[in-house]
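This report concerns only the one structure given below.
The first residue in the sequence is number 1, and the count goes up from there.
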Amino acid sequence: MKIACVGGGPAGLYFALLMKRHDPSHDITVHERNAEGSTYGWGVTYWPGLLDKLYAHDPESARAIAEHSVRWSGGVAHIRGETTAHHGDEGFGIGRRRLLDVLADRARALGVRLVFEHEVTDSGADGLPDADLVVAADGVHSGLRDHHAGHFGTEVAVGRNTYVWLGTTKVFDAFTFTFVETTHGWIWCYAYGYSEDHSTCVVECAPETWRGLGLDRASQTEGLALLEELFAKPLDGHRLIGRARPDGSAQWLNFRTVTNRTWYRDNVVLVGDAAHTTHYSIGAGTTLALEDAMALAGALRASPALQPALARYERERTAALLPLRSAARYSAQWYENLPRYVDLTPPQMFALLGQRHSPLLPHVPPQLYYRLDRAAERLEALRRLKRWLGPRVAGTLQAARSR
């Protein structure tokens, strides 16, 4: 099969190397519009389950990813001068550039061609690559998808809060949340290590807080100085590192949740952020991109005919995404409704932060939910009732709002 992957992110590279590993006779090219090594972003996070899948699909790249990852355990939350810790959760961080280098090196070693600084669009002079299969792995702003958005049924929902993706030389050994109250409202950050000397730090706030603090007008240098002051305690004297726009302003964004009614058209198939996005607060974006690549490669190996394989891939991945989409939606809403929870004691607030994926939580007073949750830890019947009740309450209220 002749395959063209448009986009050199995790999904495109991993799919290419999996297909080439399975059958070296495949003719596979990855087209990336940016220069090699110019990736955006700092570190990405993933969980132990993904590493197990990577070892099952390609042990060599899995070993390299594990070697370049850092492990963190538990969570820490800072609020109103108090620190609350939660033990037990374990995750991994790896630099996005390091991850892409690992996948690119492995793909090259297997015989995949990588072409950088080459943008492919369906509407360009050259059109689509001449290939049996074109994999649209060109991200949230996918040009291949948007040219046929009507066919794919693409919908984009823009989140209310603003956020900025930063790095820091402070190395966090636990997933760290910090909530700071200002005269203009609350602002918070999520931070986690991804190398021996750097961490990712995502800062988020409501739009009125963003404007009230002057972050909408500040240059990147001014904005970073203010954020360093606000988050001085967790940063412990370390600096924040940004990635400015050409005009010197900071790259504050509103999260875009992308969904598609169908994921393929003729010989073009969507993967990764081109097919779907889930709010960054559940830390699943990279994992889902790699799992898309696994599923698409598996479907193509299982079926000699292209269209049935693409249909199988779409069915498998849309089903797998359902619970994660729900978790991401409720997680984003938790942060958008932060004032609902900030009057709890810090341990109570941190406990409900861990429950933010629950469809029941938005509909129950926080203090009552906290007591129910603690009781459910001791009573299996109450735990089952809580799991059963949440989706039904949420569904009933959604139906009532739509009428």
Side-chain angles (χ1 to χ4, degrees), residues 1-20 22-23 25-34 100 103 107 112-156 256-278 285-286 288-321 325:
M1 180 180 288
K2 187 175 183 181
I3 300 171
C5 297
V6 180
L13 287 171
Y14 198 59
F15 170 75
L17 75 84
L18 289 181
M19 290 297 289
K20 195 70 171 176
H22 173 69
D23 186 347
S25 70
H26 289 316
D27 179 354
I28 306 176
T29 304
V30 176
H31 304 266
E32 169 55 45
R33 62 174 172 261
N34 295 317
L100 295 183
L103 298 179
V112 175
R113 283 189 301 275
L114 306 183
V115 181
F116 291 91
E117 299 182 76
H118 180 217
E119 184 162 14
V120 175
T121 65
D122 201 351
S123 56
D126 297 332
L128 288 176
D130 178 20
D132 301 308
L133 175 66
V134 178
V135 180
D138 50 344
V140 63
H141 301 290
S142 170
L144 297 189
R145 180 201 64 214
D146 288 349
H147 191 62
H148 299 284
H151 169 83
F152 290 116
T154 307
E155 294 186 1
V156 180
R256 297 164 61 87
T257 299
V258 175
T259 58
N260 288 279
R261 183 181 60 249
T262 185
W263 290 18
Y264 65 97
R265 177 182 185 271
D266 299 330
N267 69 329
V268 178
V269 62
L270 308 178
V271 297
D273 284 353
H276 52 78
T277 61
T278 55
T286 299
L288 294 177
L290 294 171
E291 289 178 344
D292 282 357
M294 297 173 194
L296 180 57
L300 289 165
R301 289 195 299 268
S303 173
L306 182 61
Q307 294 302 306
L310 299 184
R312 173 177 173 170
Y313 158 70
E314 179 186 293
R315 286 194 305 271
E316 289 183 0
R317 294 306 292 152
T318 52
L321 275 168
R325 282 178 173 166

H118 and its side chain to side chain donor-acceptor pair (under 3.5 Å) partner, picked from R33, H31, E32: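 Between H118 and the candidates, side chain to side chain donor-acceptor pair (under 3.5 Å) is satisfied uniquely by H31.
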Test your reading of the model: is there a side-chain donor-acceptor pair from [X] to the backbone of [Y], 3.5 Å cut-off?
X	Y	value
H26	M1	yes
D292	R317	no
S303	L300	no
R301	M19	no
T277	V258	yes
D138	G143	yes
K2	D130	yes

When rounded to the nearest 0.5 angstrom, what is the spacing between [atom1] in [X] and [atom2] in [Y]?
X	Y	atom1	atom2	result
F152	L144	CZ	CG	8.0 Å
L290	L13	CG	CG	10.0 Å
E314	R261	CD	CZ	10.0 Å
T154	H148	OG1	NE2	11.0 Å
L18	L296	CG	CG	9.5 Å
H147	R265	NE2	CZ	8.0 Å

Taking the side chain as everything from C-beta on, heavy atoms only, tell me whether [X] gets closer than 4.5 Å to [Y].
X	Y	result
D27	R113	yes
L103	V30	no
L306	L133	yes
T29	C5	no
Y313	V271	yes
P129	V120	yes

Sort out for me which residue in N260, D273, V268 forms a side-chain contact (heavy atoms from CB on, under 4.5 Å) with R145.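 Only one option passes, and that is N260.
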Would one find more than 12 heavy atoms of other residues, nucleotides or ligands at under 6.0 Å from atom CD of Q307?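 Yes, enclosed.
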Can you give me the closest heavy-atom contact between A274 and L270, atom names plus distance?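 In this case the closest contact between A274 and L270 is O-CD1, 3.8 Å.
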